[in-house]
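As the structure lists them, so they are numbered: ligands from 1, and atoms in each ligand from 1.
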Amino acid sequence: MAKSVAIVGAGVSGLTCGVFFAEHGFQTAIFAEQIGQQTTSGAAAALWFPYDAGPADKMVPWALATYKVLVDLIKDSRTGVSMIELRQYSRASEISIPDWAHPFVSTSPSVISSEAETSLDISASAFSSGFSLNVPLMDTTIYLDYLADRFQKAGGAINEGVHFEKLEDVDPKFGVVINCAGIGARDLVHDVDLEPHRGQVAIVPKIDNLNCAIVCDDAPLMYVIPRTSDCVFGGTNEVSDNLDVDPTSTSRIVAECSRVLKIDKPRVLNERVGLRPFRKSGVRLEREKLRDGRTVIHNYGHGGSGFTLSWGCAENVFEMVT
Ligand SMILES: Cc1cc2nc3c(=O)[nH]c(=O)nc-3n(C[C@H](O)[C@H](O)[C@H](O)COP(=O)(O)OP(=O)(O)OC[C@H]3O[C@@H](n4cnc5c(N)ncnc54)[C@H](O)[C@@H]3O)c2cc1C
């Protein structure tokens with residue numbers, strides 16, 4: 001069994017795999033161009049909720065395994081993980097509750113129809129139906145640093161500013177390579193199945209009396225996610241590689257979220273853009289041989305669910321290696 005592992009990527013996928021391997025006694029090093037906050041992962045809110053990824057038959061078990069781990073992390077306030085009520089709304093008259101969601105549903109659609117009973121008065125005309133779930137929320141401003149810290153405390157090393165043209169360029173002293181390059185896998189392993197699903201969010205100050213997350217996936221996509229010290233307003237989802245902030249999108253996002261919350265438009269503290277690594281044939285979690293004979297485990301293509309699938313996928317990667 002190889003005891004030295006190199007992980008390419010320091011977003012949520014790479015860091016979570018790193019923790020898994022380092023805590024199981026592997027000599028583990030992460031190599032990445034960017035780490036934590038600068039990655040796509042740093043642009044996410046991030047709620048536990050399977051969205052914009054596949055395949056469904058694998059995604060659900062990965063998501064459920066992740067849910068369990070996250071619930072445990074809530075006990076430690078330093079993780080940035082908390083439990084939140086997620087109100088999933090639709091502008092269509094009848095929203096359907098996915099099968100996987102039933103264990104977590106706290107309110108039926110008929111209850112949240114127009115008059116939401118949050119302490120904030122949500123615009124009654126904004127949505128037609130919805131349901132409510134209790135889900136983990138990872139405050140990425142805290143959670144990614146927590147993962148990096150936990151990884152290093154377990155003996156792992158993080159090497160920032162390293163760009164690989166190909167996986168064979170990873171130091172041969174590492175017997176196994178884990179590819180957690182997100183959208184970067186398009187160039188790294190020439191995966192034409194990957195598609196950048198661009199997401200833009202606006203960070204605004206904390207909203208008084210807002211104690212739940214509000215999401216509507218129907219166009220125009222909108223979500224409001226209160227975090228420890230601010231609030232995330234979203235969002236967009238379009239096929240694009242453009243990492244520049246689009247001021248028109250920010251205005252649209254802030255206007256729609258404020259309309260739903262029935263508040264004056266708040267000032268914008270920050271804007272973030274990230275490329276969800278969507279893969280048309282679903283998350284790639286598989287073993288391959290590199291040209292130099294080493295084993296590589298690919299773990300990328302998590303689309304809009306990288307956080308939601310992170311621990312389930314890391315466990316699966318670990319099983320493939322061991
Ligand atoms: C606006 C927005 C909101 C989102 N909200 C949620 C949410 O609520 N819940 C949820 O579960 N998900 C959410 N997502 C999706 C989630 O952010 C992604 O699925 C996740 O970040 C993917 O993580 P990753 O670690 O696989 O990739 P990334 O975070 O992109 O990390 C990739 C890493 O690989 C490195 N890398 C790439 N190529 C190379 C190379 N050639 N050489 C060296 N290093 C390389 C990068 O520098 C980086 O460190 C959201 C995404 C966006 C954009």
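Around atom 10 (C) of ligand 1, the closest heavy atom drawn from Gly304, Ser310, Ala44, Gly11 belongs to Gly304. Between His197, His302, Met138, Gln34, it is Gln34 that holds the heavy atom closest to atom 47 (O) of ligand 1. Nearest residue to atom 32 (C) of ligand 1 from Pro196, Ala53, Gly306, Ala181 is Ala181 (criterion: closest heavy atom).
Screening residues 231-250 for salt bridge (Lys or Arg N to Asp or Glu O under 4.0 Å) gives Arg186-Asp241, Arg198-Glu238 as the qualifying pairs, with residues at least two apart or on separate chains.
Within the 3.5 Å criterion, the main-chain N or O of Ser281 finds a donor-acceptor partner in the side chain of Asp193. At least one donor-acceptor pair closer than 3.5 Å links the side chain of Gln37 to the backbone N or O of Thr140.
The shortest contact between atom 24 (P) of ligand 1 and any protein heavy atom is with Ser13 OG, 3.4 Å. For atom 29 (O) of ligand 1, the nearest non-hydrogen atom of the protein is Ser41 OG, 2.5 Å.
The part of Tyr223 lying near ligand 1 is the side chain, judged by heavy-atom distances below 4.0 Å. The backbone and the side chain of Thr308 each have at least one atom closer than 4.0 Å to an atom of ligand 1 (non-hydrogen atoms only).
Residue Val162 approaches ligand 1 through these ligand atoms, each under 4.0 Å from one of its heavy atoms: 42 (N), 43 (C), 44 (N). If you number the atoms of ligand 1 from 1 as listed, the ones under 4.0 Å from a heavy atom of Gly274 come out as 53 (C). Below 4.0 Å from some heavy atom of Val12 lie the following atoms of ligand 1, by number and element: 23 (O), 25 (O). Heavy-atom proximity to Val201, at under 4.0 Å, picks out these atoms of ligand 1: 1 (C). Per-residue contacts place Leu47 under 4.0 angstrom from the following atoms of ligand 1 (heavy atoms of the residue considered): 7 (C), 8 (O), 9 (N), 10 (C), 11 (O). Here is the list of ligand 1 atoms found below 4.0 Å of a heavy atom in Leu188: 41 (N).
The shortest non-hydrogen separation linking Thr39 to Ala10 is CG2-O, 3.9 Å.
At a cut-off of 3.5 Å, with distance as the only test, no side-chain donor of Asn299 or Asn179 sits close to an acceptor on the other residue.
In summary, of the residues considered (Tyr67, Trp100, Phe307), a ring-ring contact (aromatic ring centres under 6.0 Å, His included) with Phe49 occurs for Trp100 alone. Each of Ser90, Ser128, Cys216 was checked for a side chain to side chain contact (heavy atoms under 4.5 Å, CB included) with Ile95, and the lone residue meeting it is Ser90.
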For this session: For the pair Phe104 and Trp48, evaluate ring pair (Phe, Tyr, Trp, His ring centres under 6.0 Å) and give the outcome as yes or no after the intermediate values.
Result: CA-CA 11 Å; Phe104 316 112; Trp48 179 95; 5.3 Å; yes

